[in-house]
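To keep things clear, I will list the structure first and then write my remarks on it.
Since the model is a prediction, treat every value here as computed from it, not as a measurement. Letters A, B, ... are given to chains in the order of the sequence lines, protein chains preceding strands, and every chain is numbered from 1. Scope of the values below: all heavy atoms of this structure, side chains included, with no hydrogens, waters or symmetry mates.
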Protein chains: 2
Amino acid sequence: MQFLKTLKQALEGFPEATLEPELVERVREAARLCRIRAVTMTTVADSGHPAGSLSSMEMCLMTYGVAKIGDDSEKNGNNDRVVVSHGHVSPAVYSVLSCYGLIPEDDVLAFFRKAGSPYQGHVVRQLPGVSWSTGNLGQGLAAGVGFALAKKVRGEEGRIYVLMSDGEQVKGQVAEARRIAKHHALPNLTVLVDLNQIQISGRTDSIMKADIKKLWEADGWEVTEIDGHDPAALYESLRKTGFSEAPQVLLCRTVMGKGVSFMEDRPDYHGKAPKQEEYERAMRELGGDHRVLERYRELRKRGPVSGPPFQVTSPEVSIDGGEPREYGPENLTDCRTAFGNALGDIGEANYEKKGKGPLLVFDCDLAGSVKISDFAKKCPQWFFETGVQEHATATVAGAASIAGCTSLWADFGVFGISEVYNQQRLNDINGANLKLALTHVGLDVGEDGETHQCIDYIGLFRNFFDWKLVIPADPNQADRMTRFAVTTPGNICLAMGRSKVPVVTTEDGKPFFAGDYQFRYGKADLLRNGEDMTIMCSGHMAYRAISAWEKLREKGITAKVYHVGCPLSIDPEAVAEAAATGNILTYEDHNRHSGLGSQVAASLVENGLSADLVRMGVHRYGDSGKSAEVIEKMGLSVDDLVRAAVNLIRK
Amino acid sequence: MQFLKTLKQALEGFPEATLEPELVERVREAARLCRIRAVTMTTVADSGHPAGSLSSMEMCLMTYGVAKIGDDSEKNGNNDRVVVSHGHVSPAVYSVLSCYGLIPEDDVLAFFRKAGSPYQGHVVRQLPGVSWSTGNLGQGLAAGVGFALAKKVRGEEGRIYVLMSDGEQVKGQVAEARRIAKHHALPNLTVLVDLNQIQISGRTDSIMKADIKKLWEADGWEVTEIDGHDPAALYESLRKTGFSEAPQVLLCRTVMGKGVSFMEDRPDYHGKAPKQEEYERAMRELGGDHRVLERYRELRKRGPVSGPPFQVTSPEVSIDGGEPREYGPENLTDCRTAFGNALGDIGEANYEKKGKGPLLVFDCDLAGSVKISDFAKKCPQWFFETGVQEHATATVAGAASIAGCTSLWADFGVFGISEVYNQQRLNDINGANLKLALTHVGLDVGEDGETHQCIDYIGLFRNFFDWKLVIPADPNQADRMTRFAVTTPGNICLAMGRSKVPVVTTEDGKPFFAGDYQFRYGKADLLRNGEDMTIMCSGHMAYRAISAWEKLREKGITAKVYHVGCPLSIDPEAVAEAAATGNILTYEDHNRHSGLGSQVAASLVENGLSADLVRMGVHRYGDSGKSAEVIEKMGLSVDDLVRAAVNLIRK
C-alpha cells in the first residue's frame, strides 16, 4: 500500500492550496480501503461501532493526512495533535493510522477490542496519533483546548484538531470548553463535527433536539458547513482554518454507515458489528475480500502479545521549587495562604526564566479565596481564568499538563474533586501532570454550609491508581508540600482547609515542619510520643490532637500522635507502632466511613495487626457556621477527642 | 409589618394584569426593608454575600410575592415552587421570606450562618419556600426542570420559578437543563437571571465572556430583557410568562449592591460582610436603625435552639411492585435484562392505574443497553429521553422525585455515578427519592475499555449518608432488588454488570433467590457453607465464588461463601461468622482499595474481630475485551480465586 504513505506526504502540512483531482481520487480510494478495514475489524472482534466510523472516515483520513504527527516535530513541540472526542469511532481511527503506516495493519485487524491489546474499544493515548484517551462523550474538546493553550504559552507552531460526534454536542462540558477557547483567543484550534444525525437510540433530533450551528455561533466560534465525505472540501476548509484568528468549527454533513448500503442512515449499526453474511455483503459493496476474515480470526486466537507496544511520553518540564519559607509559632496562618505564598515564590523563581516552566495556573472565579492572586500578578501569562466551568477546566488543565507544561488548578474541594470526579479519573487514565490545590476541604469551609463541605476527598481519591494526595498539618507543611507537588511529576492533590491554624511545634516549641524537616511522600509524622494509645489524624485536626495529648497527659494517659499527611499511602511503620499501643483513635475532618479511619483499618487487617480502633469523623452533613463551631457540633472538638480517648482506654 | 403580609395577598397569583402605582410604592418600601434585613444579617453573622443579595432583591420579592407557596396548595400539588440557583443570595431570600411571614424575622437576623440554625449560608430545602438546597452554582435550573416535569406529568397547576445569577450562566449543566426543558415542552417554567455583571473575581465579561441572551435563544427559549429593580416590569413580565407555550427567561438588568452606595457596581462585597462603620453608613442610606445590631448580636450569643424547626416532606407515591419473576437455572440471563423485565412489569402494574405512580424513567441515549425500552413502550408518558446530558439528568430526576413522583434513571455506571458524583451528593443532601439503575459496572462492560469501567461505585456511594446501594448476584436477585428499590422511599442504587450470568442455586440446584426468598436490606446471603475459610463477594463474582467453592472442596478445603449485596451496610452477623473461620477472602469486581474488601476490613476492626484477610479486586485500569477475558487478565478468574484461597489457608 505504498500509495497510502505517499498520500500522507502529499497532504501533510497543506503543500497546495487546493486538492488536485488526482489526489481527490487517491483519498477516495484510501477511504474505500479504510472502510474495508473498519468493517473487518469490528466483524473480527464481533464488537464495536462500525456505522459512526464509516461516517467519520473522510474526516479522520483528511485530518490525520494534513496533521504533522509521528515525526520529529513531536520532540520539538511543533507537531500537530489530533483528539478524537467520540472515541468509539476507533475503527475509523485505527484504519486510518494503519493506512498511514503509524500502527501495524495486521495487529489492529486481528486484536481490536481484545484483552491485552492496545487497540481498545475507545481510542487510548498509548497509540501514536492519539493525544488523549477518550470514550466518555463530550470531553475531547476540553482536552483539545488544553493542548492549544499549552502550544500558545510555549510559543510552538502546530495545530490542534478535535473530531467530535453530533450526539455529544449537547453535553455541557462542550460549551464550557468552547467558551474557554474563545475567551483565551486560541487561533490554533480546529474542530470537526460529524453531523450524521444519528446517535445510539435514534435520530439526534428525536433524542435531544439542538441547533448545533447556533450553539457554536452563540459562543463566538466561526462556523463552516461542508460535505463531510468530500475530500476537496475537507482539505480546503481545514487549510482555511489556519488563517483565522478565531477558533474554527467545521460542521461536516455526513451519512451514518456511509459506503455500506444496509448501514446507511440507520441507527442499528451504531454499536453493533456485522454478522458473517452482512460482512460478506459489505465487502461486495466496498470491493473487499471477505476471505481475510478467517485469517484474522485465526490470528486473534493466538494473540495479542501482552502489554501495549507503544510508549507514552510527555515533554519534561523543569520547575525550580525555590526555598521553603518558615512560619513561626507566634502567628496563626491558614494553609491556603502558605500555599499561595509558596506558589508566588515558585512563580517568581521560574517566570521568564530560560528553560523553566511553564507552570500554568487555572482559576474558576475563586482566585482570592484560593490564594492564587499573587501568582496571577507575578506571572500574568501563566495565569488562566476559566470561570464557573469546572468540568472543562479539569480537562483543559489535565491535557495541557502532558503537552510540555505543568498545570496547577486551585479550587474549593467540592468543585475541584466532588464536582469533577470523572474528569480527574480521566486525568488519571491519561497519566497527566496536574497539581490540584483544593482549599475549603472538610467541614472547614467557614459558613458556606453543607453543599460546600468537601468531606469526601480521601474517599474519592482512593479510587484512583496514580493520583497522590497530600494534606498539610500546618502552614509549614503546606509550604513544603506545595514545593513537592509542583516539582514532582504526576497528578498530585494538595488538600487544605480554610481556617487559620497554629503552627505545629515539637514538644520544646520549635516548628515541627520547618528547618531540617524533609517531606517524604507516604511517611507519617510522629508529632508526640506516648505508650497507652495512638491518635492518628490528618490536616487541621493535628493541632487539636496535640491539645488533646496535653489534656490526656494531665489525666495520666500518654498517647502517640501521628499526622498522616498521605492517607492514600498509609505508612506501615506508623501503623505497626500504633497497633503496638493496643488502642488507636483515628480523628479526621472527613467522612469517617471513607477516609483515614477506613484506610488505617484496612492497613491493620492486611498487615495482620490488631488493636482496638475507634474512628472519629464526619457522620452527617454539617452545619453552616464558623468552622470551629461546625466541628464542635459534629462532635469533633478537642474535648470530644479527649473523652473518646479516655473511653477507649477504659474499655 | 402588617402591610407586608397584605402585600403578598395583593401580588399572589397575579390578581391584576398590571401593578398599580400604589402597589409599586409598597413593593419599593418592602424592598427597602428587606435590604435593611439582608445587610443586617450579614453584619450580625460577619459573613455572607450582601451585594448579590441586594441586586436580586426585587426579583426575590416579586417572585415570592406572586408565587403560591406555604399554603394548602402545597398539599394538593397545585402550588408554585421557587428554586434559587445562586443559593448564596440567601440574605435576600431570608429577608423576603421573613417579610412575607414565612420564617421568623428575629431568628433569621440573629442566627444566619450560625451552626445549628437552619439559616445556612446557602438556602436549604428545610425552609418554607425553598424547594431545593443549592449552593454549588449552575444546578438550580435542572432542579426547576425536574419540578416542572413532575407537575406536567401529574397534571397539576402551578408554575416553577428559578432564580439564577449571571456568573453561573457559563456552567455546562445550565445549557443541558435548558435543552431538556425545551425538548420536553415545559410551558410552566420561568427563569429570572440577575444580570448584575459582577462575579466574585470581577466583571463577568473579564472572568468569562458569554453572550447570555444568545445562549438562551440558541436553545429555543423566549427571552425578555427587563429592569430587574422595576417592580411593575417584573410583575408584568412574570405574569406574561404564564401565557406562553415555550419556557421563558427574564434577563433582569440589575446593579450589584443596589441601594448601598459604596457597594454598588463593585465586586468587593460579593462575599464580604460590612464592618461596623460600613454598616452604620448603609443603614443611614437605607433608612434603617443601626442600633438593632447589638440586639441581634446578643441574641446570637444565646442561640440557636438546636435542630431545624422546619420539616421536609415529599408527597407520597404509591407504586405496586408486582409479582417477582423466577429465572430457572437452565438459562443464562444478564441482571440488566432481569431489571428491565421487572421494570416493565411494574410499568404495566401502575401505568394509567388510579392512585398509582407516576414512576418517571429517564434515559441518556442508552435505553437499549440499559434495558428500559420495554418500559418506554408500555408507559410512554412516563418515559423521558434526555440525551447525552448526564449532569442535568441526575438533578432533573432527583428534583422530580421529591415532587410527587418516583424517579428512576438508568445509565452505565460510569455516567450515572462517576460522571455525576456531586449531583448524586446533592440528591442525598436534598433527601430525594431517586432510583438509579446502573448497568455495565465493574470490569463487566464488554469491550468498551478503561474509560467505561465503573470500578469505583462502592467507593463513591460510601461517601454519602443516606443512599442505599444494592448489587444483585443473579437475575433472580436483580428482580427482587428492582421491586424493592422502586417501592422503598429514598435514594437507592441498583448496580449490575453487562454479562449474562448463571442463576445462583442452592447446593441441590434450586434457584437461591427465588421462591420464598425475601430481600432484606443489609443482609448478606450465605450461598455455601464451610469451616476453613470464608469468601465474601458481590455481584457477578458470586457464581465464580461458588465454582471456586466446588474446586476447593475437591482439595479438601471447605469454605463459607457470602454474597454481600449491600456493601454500604455490612452484615455484622456475616462478618462475625466469617471471622470465626479465621480466614477471609474478599472477591470483588471493583477497586480493591475502596470497595467490599475495605468495608469488611473496617467492620472487622470496629467489631473487635480478627481474621487473616486477603482482598482480591481490581488493582489497575482494565483491558478492553470480552468481560471474562478482562476479569482473567486482572487476576480475578475462578482459578485465581482458588489459588488465593489455598495460599491463604496455608499461610
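Among B:Val614, B:Asp456, B:Val630, the residue making the largest number of heavy-atom pairs under 4.5 Å with chain A is B:Asp456. In terms of non-hydrogen atom pairs under 4.5 Å with chain A, the most contact-rich of B:Asp428, B:Ile417, B:Thr204 is B:Asp428. Among A:Arg620, A:Glu217, A:Glu632, the residue with the largest count of heavy-atom pairs under 4.5 Å with chain B is A:Arg620. Most heavy-atom pairs under 4.5 Å with chain B, from the set A:Phe412, A:Phe112, A:Tyr621: that is A:Tyr621. Between chain B and the residues A:Ile200, A:Thr386, A:Val600, A:Asp46, the most heavy-atom pairs under 4.5 angstrom are made by A:Ile200. For chain B, the option among A:Arg113, A:His88, A:Lys214 with the highest count of heavy-atom pairs below 4.5 Å is A:Arg113. The candidate with the highest count of non-hydrogen atom pairs below 4.5 Å against chain A, out of B:Asp466, B:Asp612, B:Val414, is B:Val414. Across A:Leu613, A:Leu609, A:Val170, the residue that shares the most heavy-atom pairs under 4.5 angstrom with chain B is A:Val170. Between chain B and the options A:Gly135, A:Gly87, A:Gly48, A:Gly387, the largest number of non-hydrogen pairs under 4.5 Å is found for A:Gly135.
Contact annotation for A:Leu215: both backbone and side-chain heavy atoms come within less than 4.5 Å of a heavy atom of chain B. Neither the backbone nor the side chain of A:Ala392 comes within contact range of chain B; no heavy atoms are under 4.5 Å apart. Contact of A:Gln424 with chain B is not made at all, since no heavy-atom distance falls under 4.5 Å. Interface residue A:Ile180: backbone and side-chain heavy atoms are both found under 4.5 Å from chain B. Looking at A:Ala611, only its backbone comes within 4.5 Å of chain B, counting heavy atoms on both sides. Of the two parts of A:Asn607, neither the backbone nor the side chain holds a non-hydrogen atom closer than 4.5 Å to a non-hydrogen atom of chain B. Within the 4.5 angstrom heavy-atom criterion, only side-chain atoms of A:Val124, from C-beta onward, approach chain B. In this structure, the portion of A:Asp363 lying under 4.5 Å from any heavy atom of chain B is its side chain and not its backbone. With a 4.5 Å cut-off on non-hydrogen atoms, A:Ile207 touches chain B through its backbone and its side chain both. With a 4.5 angstrom heavy-atom cutoff, A:Phe415 touches chain B only via side-chain atoms. Contact annotation for A:Leu366: both backbone and side-chain heavy atoms come within less than 4.5 Å of a heavy atom of chain B. Both the backbone and the side chain of A:Glu390 come within less than 4.5 Å of a heavy atom of chain B. Proximity to chain B (any heavy atom under 4.5 Å) is restricted, for A:Arg592, to the side chain, taken from C-beta onward. If you measure heavy-atom distances from A:Thr134 to chain B, the contacts under 4.5 Å come from the backbone alone.
For the residue pair B:Ala602 and A:Ala601, the shortest heavy atom distance occurs at CA-CB, 3.8 Å. Closest heavy-atom contact between A:Lys633 and B:Ala115: CE-O, 3.7 Å. The shortest non-hydrogen separation linking A:Ala45 to B:Lys626 is O-NZ, 3.8 Å. When every heavy atom of A:Glu450 is checked against every heavy atom of B:Arg425, the shortest pair comes out as O-NH1, 3.5 Å.
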### Task
Determine, stepwise, if the pair B:Gln199 / A:Val388 fulfils side-chain contact (heavy atoms from CB on, under 4.5 Å).
CA-CA 10 Å; B:Gln199 54 194 117; A:Val388 187; 3.8 Å; yes

### Message
With salt bridge (Lys or Arg N to Asp or Glu O under 4.0 Å) as the criterion, how do B:Arg615 and A:Glu606 come out once you've worked through the C-alpha distance, each side chain's angles and the decisive distance to 0.1 Å?
### Response
CA-CA 8 Å; B:Arg615 298 186 291 172; A:Glu606 285 213 322; 3.0 Å; yes

### Task
Check the pair A:Lys171, B:His391 against side-chain contact (heavy atoms from CB on, under 4.5 Å), reporting the backbone distance first and the verdict last.
CA-CA 9 Å; A:Lys171 182 98 180 150; B:His391 292 98; 4.0 Å; yes

#### Entry: Residues B:Gln173, A:Glu419; criterion side chain to side chain donor-acceptor pair (under 3.5 Å); working and verdict
CA-CA 11 Å; B:Gln173 188 176 331; A:Glu419 176 76 359; over 6 Å; no

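A donor-acceptor pair is defined here as one N or O able to donate and one able to accept, closer than 3.5 Å; such a pair exists between the side chain of A:Asp623 and the backbone of B:Gly116. Of the possible donor and acceptor atoms, one in the side chain of B:Arg462 sits under 3.5 Å from a partner among the backbone N and O of A:His593. Looking only at distances, a side-chain donor or acceptor of B:Asn591 sits under 3.5 Å from a matching main-chain atom of A:Asn463. Side-chain atoms of B:His183 come within 3.5 Å of backbone atoms of A:Ser206 as a donor-acceptor pair (strictly under, hydrogens ignored). A distance-only check finds a donor-acceptor pair linking the side chain of B:Glu176 to the backbone of A:Gly172 [under 3.5 Å]. At distances below 3.5 Å, not a single donor-acceptor pair connects side-chain atoms of B:Gln120 with backbone N or O atoms of A:Gly449. A donor-acceptor contact shorter than 3.5 Å links the side chain of B:Asn136 to the backbone of A:Thr451. At least one donor-acceptor pair under 3.5 Å links the side chain of B:Ser624 to the backbone N or O of A:Gly121. Under the 3.5 Å distance criterion, the side-chain polar atoms of A:Asp365 are matched with a main-chain donor or acceptor of B:Ser201.
From A:Ile458, atom CD1 reaches atom OG of B:Ser594 across 13.5 Å, with rounding to the nearest 0.5 Å. Note that OG of A:Ser90 is 9.0 Å distant from CG of B:Asp448, once rounded to the nearest 0.5 Å. Between the CG atom of A:Leu426 and the OG atom of B:Ser418 there is a distance of 9.0 Å, given to the nearest 0.5 Å. Interatomic distance, CG of A:Asp219 versus NZ of B:Lys209, reported as 12.0 Å (0.5 Å rounding). Rounding to the nearest 0.5 Å gives a distance of 11.5 Å between OG of B:Ser610 and CG of A:Leu604. Atom CG of B:Asp211 and atom CZ of A:Arg179 lie 11.0 Å apart (nearest 0.5 Å).
Classified by interplanar angle (parallel below 30°, tilted 30° to 60°, perpendicular above 60°), the ring pair A:His122/B:His452 is parallel. Ring geometry for A:Tyr421 versus B:Tyr421: interplanar angle of 30 to 60°, hence tilted.
A donor-acceptor pair shorter than 3.5 Å cannot be found between the side chains of A:Glu168 and B:Gln389.
More than 12 heavy atoms of other residues, nucleotides or ligands shown are found within 6.0 angstrom of CD on A:Glu385.
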